[in-house]
Protein chains: 2
Amino acid sequence: MLTQSLNAKAINTQISGGKVGPAVHPVSDQFGAITGHVGLVATEFSYHKDEEIYGEDEPAEYVYQVVSGAVRSYKLLSDGRRQIGAFHLPGDVFGLESGATHRLAAEAIIDTTVRLVKRASLEKAAGTDVQVARKLWTMTASELRHAEDHMLLLGRKTAMERVATFLLEMDRRLAVAGMMALPMCRRDIGDYLGLTLETVSRALSQLHAQGILGFSGARQIVLRNRQRLHNLDA
Amino acid sequence: MLTQSLNAKAINTQISGGKVGPAVHPVSDQFGAITGHVGLVATEFSYHKDEEIYGEDEPAEYVYQVVSGAVRSYKLLSDGRRQIGAFHLPGDVFGLESGATHRLAAEAIIDTTVRLVKRASLEKAAGTDVQVARKLWTMTASELRHAEDHMLLLGRKTAMERVATFLLEMDRRLAVAGMMALPMCRRDIGDYLGLTLETVSRALSQLHAQGILGFSGARQIVLRNRQRLHNLDA
DNA sequence: CGAGTGATTGAGGCAAGTCAAATGTGGTGG
DNA sequence: CCACCACATTTGACTTGCCTCAATCACTCG
């Protein structure tokens, strides 16, 4: 099913180690660090806004890297409550599992292109090449680090502290020329921070009123005072 | 400093692969799975109740396995708010890092004995033995899985759902003859679940009043109806 | 330029937090 | 062995930060 849909829509297949698209940041090309060593076949593939990439508990057949666009990884409760565990931005690897299935679902936030390799081929490479095995471990470990930081946020920070942390994270990860263009809506931010979209909006309005940030459209944000934002972040 | 204190208090050094203490569950002996392969030296060591094992951001010199007792891993905010990321019970490995430092601090909840090996020797073994490298990865991946589940709990579950989840987790991990002896106090439980100790206590009282659990002392709990607890867990 | 979705703002409610007091309990020394 | 003490837990009364529900506003994109 997934394979069919991939084959039907694949737009480009290449031997990795070839040139990397402009959206992939060179110093953080985690995928290349693996595929370059072992000559794995990487395929490019695109998803539309809100399209599912894989579901929770689905077999983990592929490992992905965002080329352009943005992805949300999340879990759902039976009544629809959602917790987004991470946002994946250009250059990020996602969907890497040590076990057989995906622990979270993944969806494109906006139209998104990914590069992907078969999980089985990575596993095989890791069995031969210790460098690859080490890389898989460190990628999982940095996801764990993020999750540990996020548990602190979700369990113990106030709404304003959460929003401040979020803004500083996004500023670090996607600011260009001091401005960030958020790909996600207020509901996504709320579901990432364990808040409602209204609470996120109120916190942003308050930061705007205090001159800590500026808007040019709801999703174009300029941080005017990172120091004060850090102070609000506990 | 750490090394000194370790040397001063070490009570037993052995080549691993020897017999395992009775408190370590045989089917989940993650440590043995590693050390058995490469003949690493494991040392036993004990900590008193509330003693720090390592601090946040401290160099990760050792990897630990609980032999007996219980350990909490946590992060602190500057004003003292605490988030416990995990409890480590007999058989569990903790303190395993891919990077140079510990991401969370660790403390003994009660008097605790651990087995430990040098991180550097594990790293070395992983460079030679692909089985070891794979094991390190899967151990980190299962910590990540727990953290992802816990983010959902912290971000989206109600107080009663959190406590129900906690009880089912502890029942699974440390119930003997249908009864569990919790090593941690209500404050630890609250800091694990993102609640206050009072809220934890009220939820437990309510479950007791509904006949879902029974007490013999505040920390000796017997689950009388796991199905109803599952229903409360969303 | 208008429709539709996303964002903001307001008013009121409630789940969980805070503060405080009473009760229970395990550990220890007389 | 038991009485006491220190601390853990429970329970109560009240507060509050965030949520819910609802209405308006403002982009974005046909």
Side-chain angles (χ1 to χ4, degrees), chain A residues 48-50 70 72 77 79-83 109-111 153-167 181-210 213-221 232 234, chain B residues 48-50 70 72 77 79-83 109-111 153-167 181-210 213-221 232 234:
Chain A
H48 289 118
K49 177 173 153 68
D50 295 328
R72 54 182 173 251
L77 293 175
D79 63 358
R81 281 173 287 171
R82 182 178 66 160
Q83 179 61 45
I109 295 174
I110 54 179
D111 289 353
L153 178 149
L154 293 171
R156 289 301 181 214
K157 290 189 182 179
T158 66
M160 184 55 81
E161 288 166 350
R162 295 179 201 207
V163 171
T165 304
F166 171 77
L167 288 169
L182 297 177
M184 72 290 286
C185 65
R186 297 292 188 266
R187 178 175 296 278
D188 287 341
I189 300 172
D191 285 351
Y192 180 58
L193 300 179
L195 300 171
T196 60
L197 66 93
E198 293 94 332
T199 298
V200 171
S201 179
R202 280 183 242 274
L204 291 172
S205 295
Q206 198 180 322
L207 292 171
H208 186 223
Q210 291 175 231
L213 57 81
F215 284 111
S216 8
R219 298 191 190 182
Q220 290 276 339
I221 297 181
L232 291 176
Chain B
H48 289 118
K49 177 174 154 65
D50 296 327
R72 54 182 173 250
L77 292 175
D79 64 359
R81 280 173 287 172
R82 181 178 67 158
Q83 179 62 44
I109 295 173
I110 54 179
D111 289 355
L153 178 149
L154 293 170
R156 289 303 181 214
K157 289 189 183 181
T158 66
M160 185 54 80
E161 289 166 349
R162 294 179 201 206
V163 171
T165 304
F166 170 77
L167 288 170
L182 297 178
M184 72 290 284
C185 65
R186 297 293 187 267
R187 177 177 298 279
D188 287 342
I189 299 172
D191 285 351
Y192 180 58
L193 299 178
L195 300 171
T196 60
L197 66 94
E198 293 94 334
T199 297
V200 171
S201 178
R202 280 184 242 274
L204 291 173
S205 295
Q206 198 180 322
L207 292 171
H208 185 223
Q210 294 175 230
L213 59 79
F215 284 111
S216 12
R219 298 191 191 182
Q220 290 276 339
I221 298 180
L232 290 176

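Letters A, B, ... are given to chains in the order of the sequence lines, protein chains preceding strands, and every chain is numbered from 1. Predicted model only: the values in this text are computed from it and were never measured.
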Margin query: Whole angstroms only, please: what is the CG-P distance between B/L204 and D/dT11?
Written below: 10 Å

Next item on the list: Verify the neighbour count for atom CZ of A/R187: are there more than 12 heavy atoms of other residues, nucleotides or ligands below 6.0 Å?
Entry: no

Check: Where each residue is assigned the nucleotide of DNA chain D containing its nearest heavy atom, which of A/S216 and B/K49 is assigned the position nearer the 5′ end?
Finding: B/K49

Next item on the list: From the options A/L193, A/T199, A/L232, select the one residue that forms a side-chain contact (heavy atoms from CB on, under 4.5 Å) with A/V163.
Entry: A/L193

Notebook entry, point to check: What's the CG-P distance between A/L182 and D/dT28, to the nearest Å?
Noted result: 13 Å

Note to self: What is the distance, to the nearest angstrom, from the CG atom on B/L195 to the P atom on D/dC18?
What the structure shows: 15 Å

Notebook entry, point to check: Does any N or O donor sit under 3.5 Å from an N or O acceptor when you compare the side chain of A/E198 with the base of D/dC21?
Noted result: yes

Check: Tell me: CD1 of B/I221 to P of D/dT10, nearest whole Å?
Finding: 8 Å

Margin query: Counting C-beta onward and ignoring hydrogens, is there a side-chain heavy-atom pair between B/R156 and A/D191 closer than 4.5 Å?
Written below: yes

Next item on the list: Give a yes/no on whether any side-chain N or O of A/R187 is located under 4.0 angstrom from OP1 or OP2 of C/dG6.
Entry: no

Check: Between C/dG6, D/dT10, C/dA16, which one does the side chain of A/C185 approach most closely?
Finding: C/dG6

Next item on the list: Quick one: label B/R219 by what it contacts on the DNA or RNA (base, sugar-phosphate, nothing), any heavy atom closer than 4.0 Å.
Entry: sugar-phosphate

Checklist line | Spacing between A/Q206 atom CD and C/dG10 atom P, to the nearest angstrom | finding: 13 Å

Notebook entry, point to check: Quick one: does B/R202 reach the base of C/dG17 with a side-chain donor-acceptor pair under 3.5 Å?
Noted result: no

Note to self: Can you tell me if B/T196 touches the phosphate of C/dA16, counting only side-chain N or O atoms and a distance under 4.0 Å to OP1 or OP2?
What the structure shows: no

Note to self: Nearest whole Å is fine: how far is D/dC25 P from A/R186 CZ?
What the structure shows: 19 Å

Note to self: Does A/L197 reach a base, just sugar-phosphate, or nothing at all? Heavy atoms under 4.0 Å.
What the structure shows: base

Checklist line | Sub-4.5 Å side-chain heavy-atom contact between A/R81 and B/T158 | finding: yes

Note to self: Counting only side-chain nitrogens and oxygens, does A/S205 get under 4.0 Å of the OP1 or OP2 atom of C/dT9?
What the structure shows: yes

Next item on the list: Over all heavy atoms of both residues, which pair between B/A203 and B/M160 is shortest? Give the atoms and the distance, please.
Entry: O-CE, 3.8 Å

Check: Where each residue is assigned the nucleotide of DNA chain C containing its nearest heavy atom, which of B/G194 and A/A218 is assigned the position nearer the 5′ end?
Finding: A/A218

Next item on the list: Measure from CG on A/L154 to P on D/dC18 and round the result to the nearest Å.
Entry: 13 Å

Next item on the list: In whole angstrom, give the distance that lies between atom CZ of B/F215 and atom C1' of C/dT23.
Entry: 15 Å

